[in-house]
Amino acid sequence: MDGQDAARPGDERFFTRKGPFTLAALAECAGARIENARDDADPRQYTGIAPLQSAGPQEVSFLDNRRYAPLLEQTRAGVVILAPAFVDRLPAGTVGLVCSAPYLAWARIAALFHPVPAIVPGIHPSAVIGEGAQIDPSAQIDPFVSIGAQVRVGAGSRVDAHAVIGDGVRIGAGCRIGAQCSVSHALLGDRVTLLPGARIGQEGFGFAVGPDGFETVPQLGRVILEDGVEVGANATIDRGSSQDTVIGAGSRLDNLVQIGHNVRLGRCCIVVSQAGISGSTELGDFVTVAAQAGLIGHIRIGTRARIGAQCGVMSDVEAGADVIGSPAMPFREFFRNVAVLRRLAKKGTKQGDGAA
Amino acid sequence: MDGQDAARPGDERFFTRKGPFTLAALAECAGARIENARDDADPRQYTGIAPLQSAGPQEVSFLDNRRYAPLLEQTRAGVVILAPAFVDRLPAGTVGLVCSAPYLAWARIAALFHPVPAIVPGIHPSAVIGEGAQIDPSAQIDPFVSIGAQVRVGAGSRVDAHAVIGDGVRIGAGCRIGAQCSVSHALLGDRVTLLPGARIGQEGFGFAVGPDGFETVPQLGRVILEDGVEVGANATIDRGSSQDTVIGAGSRLDNLVQIGHNVRLGRCCIVVSQAGISGSTELGDFVTVAAQAGLIGHIRIGTRARIGAQCGVMSDVEAGADVIGSPAMPFREFFRNVAVLRRLAKKGTKQGDGAA
Amino acid sequence: MDGQDAARPGDERFFTRKGPFTLAALAECAGARIENARDDADPRQYTGIAPLQSAGPQEVSFLDNRRYAPLLEQTRAGVVILAPAFVDRLPAGTVGLVCSAPYLAWARIAALFHPVPAIVPGIHPSAVIGEGAQIDPSAQIDPFVSIGAQVRVGAGSRVDAHAVIGDGVRIGAGCRIGAQCSVSHALLGDRVTLLPGARIGQEGFGFAVGPDGFETVPQLGRVILEDGVEVGANATIDRGSSQDTVIGAGSRLDNLVQIGHNVRLGRCCIVVSQAGISGSTELGDFVTVAAQAGLIGHIRIGTRARIGAQCGVMSDVEAGADVIGSPAMPFREFFRNVAVLRRLAKKGTKQGDGAA
């Protein structure tokens, strides 16, 4: 396949590219101090970023995970962003950009070389715009977008191809609505990002048992996505039934996550892919829900709690707790149980009375 | 964010609003008797619905969950729908609408104040309609809908923006096909609802091992969605391989549910979000499958069985059984196992031979 | 509902139909030898396929699963494809097509009667095609497709309605991009199939903790789908962060599967519905990941390993291993643990000190 061998970050067919940049510019962007440089006025220009194992003398790399430290000693990278603990292991010809949060510094250096493409303001002629909609002139509306009546789209926001925005929806400034998303009954703050296929604001799973089968309970709440929220591809967030469904500022939801009606997340929560949160459950700030975990409805999860992968949470979780397992229990207890059961099973097998 | 503080159900930017209604009209709609009214000919008009904690004297609320009973005693709501057991706890100024199924009554009252918007018949000029397609004149076809050849859409049905309906598909009367749905190789009864992004009728996961890798097995069945079926956002229902995949009348599937080829659900089944049912498995009537449960293929689940959240079902389940765990076992056995293991682990730890 | 009773494979409203075919032609297509025929020059023509229980004298059926063997003895099918072990159970009037891989033979016979419809070359006038895009004249581009700048679409490929193809994407020959798919930052080989709603190439879940909340880490890799890859409906494959995300040739991913950034799958892997693979994990060739399994990031799964349904894999898995459970353990150990715990719980209950 053409181009597959060019496996470096930043393929120019897909990404913008800026630079080159001087060491001083890189250090300033990273908020890092320079170590191991030949002199303070290094005239070299650096042209891009690459992993430790493939970076060359004009490229910048980084080390964040201790398991990759052996690669550092053999790298040919011109510059490596790293924590103070690894400075001693820098090769002779490699400059260190030393800082306490190398992954964050890396994020900023990567965005320096490969910034997000600028918005191209304007409304594609194929888009359908409803009556009374107010689209900021600096926003970008792509082909086949369908925008309902009275919608507002803020400054510098971008609505990608084929997105469907329902009547009355508010989209703040600096948002990006991905391709094929649907958004209805929702108020979005500023800098909200929806990845392709996210479903925001459809009615939740609500019905009552009637004489002839189930009857739908009207879902009359909304979805509130506060500033800086990000929602993954094909994730689903149902609108509230009578209260709102609220995702707190800065929270990030991964692909295929499900959020039920009336759920409330605090600030800076993380919900990893394929996890699900059932109706009316509330999370405090900085809660982490790992992949494929499931939370039943009507419970509360305290601030900074961490829910492990595939965990099944059936009751409240205290602030700061680490739980895993189904049903959920403290991490320590879970792994102790695993060990005890393994030991018992081995003993049982030896005694000849183990397996069925 | 504008409007976030207006956290009452029925935001007029998103929902229709009818009323006001008299107490008598409400009682009739709810099928309830009136308690605690000042007199039988109460002339007051009620204007809307609200939760117990925020409802005012002109609003209607309800109590369905015992845990919220304390809120009843302090409510300022004009009217509360509730079960006979809670009548004694009504505040002096609050009228009770007493009935045996308050949640059902609430559903109907909520729909009285906020009915589903009426269909606007007609085909948007941007829609593409295939040869021989028959769209009932009372149906609504939204922007960018793509309808294949020989499709039929029944009276009063609505196809939302960007839906793609494949050749030959039948859609009955009173259906709603959500934004961005795709439907192919499928026959839909009346009053079928698909939420945005649902995928109906694509080929199932079928292949044979050939000399040069996998070879696709043609998937030659259909999807049958009987009357009143509802399918959640981004859920997927594969068409049959040689038989049909059938979802029985009145069944409700939540977001991100997966239904494999040849699966058959009986009437009024419930499948909660992120659950998955593998190929050729059959469910009786009134089966409940909770969130994130998984059923392997080629098994049978009896009528009114209940499959717990995250349950892993590897064999047949009897009618009326309650199972949970992975592998699935009776509820009682599962929680007994959890307790026994916890006790053994604690004992082992005390003896100093517990965890690894 | 009209047509529901016509529950035979190959409903002509949805599928093409070829034939009839002679027994000799069927045997050649299946690579099978003929058993139980009246004579070698059987003049009969066979018109279609059907399951054992409904096939008639002019139809072809097959037996692959031992559990359906009793149906063989009562079938009225004219021809049955089957393994040598079942030849003795053929009814008197039924011809056997005997081969070592009956399911594969069935796939080919089914495709003989019901071939995939031919491509209709051309670009629908509603499609939007970006600057510099090169669409092979033999490709089919359906209504409302949006194709970015510099995209290439190879010979005989088909892009279904409403698909969105981002700038610079390469699509090889003989591909099928399903309705409503989005593809960006990706290189697709030949004969790649994406089912409706698949999301390919969006940014992965990558962020660093900054002073004011999370900061996005630029995702600068691509997605590589090698020849013959198939991706299920509403599945999501994130592009790499600095390396690429790679799905090896011939691999098949089912509906609602999640693949994180930098994941690498070898050749002919199978990932069943709702399974998820976290970032930077690598699978060898011929690995099977069953439904709803989850793999954490940064681990390696050896060639031909099999990961069971709902398995939670937290560490490397050796080539050829069979694991299940959460955390993952060998199949044998898992079921031994289940049996031991059940026995202990029963004993505990008898002694009156069991459940909480």
Side-chain angles (χ1 to χ4, degrees), chain A residues 1-4 7 9-11 13-15 49-51 67 101 103-104 106-108 110-111 114 124 126 142-144 160-162 178-180 195-197 228 230 232-234 249-250 252 254-256 267-268 272-274 291-292 309-310 326 338 341-342 344-345 348-349 353-356, chain C residues 128 144 146 150 162 164 166-168 170 172 180 182 184-185 187 189 197 199 202-203 205 207-210 213-218 220-222 224 226 234 236 238 240-244 256 258 260 274 276 278 292 294 296 298 310 312 326-327 329 333 335-337 339-344:
Chain A
M1 191 182 316
D2 69 315
Q4 184 172 355
D11 183 330
R13 291 174 289 189
F14 303 123
F15 301 97
I49 60 172
R67 84 162 69 186
Y103 192 50
L104 178 62
W106 168 254
R108 293 175 177 179
H114 301 286
H124 192 275
S126 65
D142 276 357
F144 304 121
D160 288 357
H162 285 254
Q180 314 269 21
L195 295 188
E230 300 209 8
N234 283 347
R252 297 204 173 206
D254 200 355
N255 298 344
L256 296 169
R267 291 179 48 238
C268 291
V272 186
S273 64
Q274 298 176 323
Q292 297 185 339
Q310 295 190 331
S326 181
V338 168
L341 184 55
R342 179 177 296 137
L344 290 169
T349 307
D353 61 357
Chain C
V128 169
F144 304 121
S146 172
Q150 309 300 333
H162 285 255
V164 176
D167 291 350
R170 263 61 174 158
Q180 314 269 19
S182 55
S184 70
H185 309 86
L187 307 176
R199 308 287 162 206
Q202 58 284 338
E203 54 260 48
F205 202 53
F207 47 85
V209 178
F214 303 122
E215 296 189 21
T216 295
V217 176
L220 299 168
R222 306 168 299 184
I224 311 292
E226 295 183 354
N234 283 346
T236 55
D238 292 340
S241 57
S242 55
Q243 299 180 44
D244 293 324
L256 296 168
Q258 151 72 2
Q274 298 177 322
S278 298
Q292 297 186 338
I296 66 160
H298 296 275
Q310 296 191 328
S326 181
M329 61 192 81
E333 180 180 336
F335 287 105
R336 191 182 63 193
N337 285 1
V340 166
L341 184 56
R342 180 178 296 137
R343 187 170 51 82
L344 289 168

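Keep in mind that what you see is a predicted model, and the values were worked out from it rather than measured. The chains referred to below are lettered A, B, ... by the order of the sequence lines, with proteins before strands, and numbering in each begins at 1.
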Quick one: of G213(C), G221(C), G240(C), G166(C), who has the most non-hydrogen atom pairs under 4.5 Å with chain A?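 Top count of heavy-atom pairs under 4.5 Å with chain A: G221(C).
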
Measure across [X] and [Y] and return the closest heavy-atom pair with its distance rounded to 0.1 Å.
| X | Y | answer |
| --- | --- | --- |
| Q310(A) | G294(C) | NE2-N, 3.6 Å |
| A111(A) | P218(C) | N-CG, 3.5 Å |
| R336(C) | A345(A) | NE-CB, 3.7 Å |
| R342(A) | N337(C) | CA-OD1, 4.4 Å |
| F144(A) | F144(C) | CE1-O, 3.4 Å |
| F207(C) | Y103(A) | O-CE2, 3.4 Å |

Is it the side chain or the backbone of E215(C) that comes within 4.5 Å of chain A heavy atoms, both, or neither? both

Whatever's closer than 4.5 Å to a heavy atom in chain A on S184(C) counts as neither

Side-chain contact, heavy-atom cut-off 4.5 Å: H162(C) with H162(A)? yes

With a 4.5 Å cut-off on side-chain heavy atoms, are L344(A) and L344(C) touching? yes

Out of curiosity, [X] [atom1] to [Y] [atom2], how far, rounded to the nearest 0.5 Å?
| X | Y | atom1 | atom2 | result |
| --- | --- | --- | --- | --- |
| N255(A) | Q258(C) | CG | CD | 4.5 Å |
| T236(C) | L195(A) | OG1 | CG | 10.0 Å |
| L341(A) | M329(C) | CG | CE | 7.0 Å |
| S278(C) | Q292(A) | OG | CD | 8.0 Å |
| S241(C) | W106(A) | OG | CH2 | 8.5 Å |
| Q180(A) | R199(C) | CD | CZ | 5.0 Å |

Would you find a donor on one side and an acceptor on the other, under 3.5 Å apart, between the side chain of N234(A) and the backbone of G197(C)? yes

For chain C, the option from A110(A), A309(A), A291(A) that forms the most heavy-atom pairs under 4.5 Å: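 Option with the top pair count is A110(A).
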
Tell me, for P196(A) versus chain C, whether the close heavy atoms (under 4.5 Å) come from the side chain, the backbone, both or neither.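 Answer is both: backbone and side chain atoms of P196(A) are under 4.5 Å from chain C.
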
Heavy-atom contact with chain C under 4.5 Å, split by part of R108(A):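 Answer is side chain: those atoms of R108(A) sit under 4.5 Å from chain C.
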
Once the angle between the rings of H185(C) and F14(A) is folded into 0 to 90°, is it parallel (under 30°), tilted (30 to 60°) or perpendicular (over 60°)? tilted

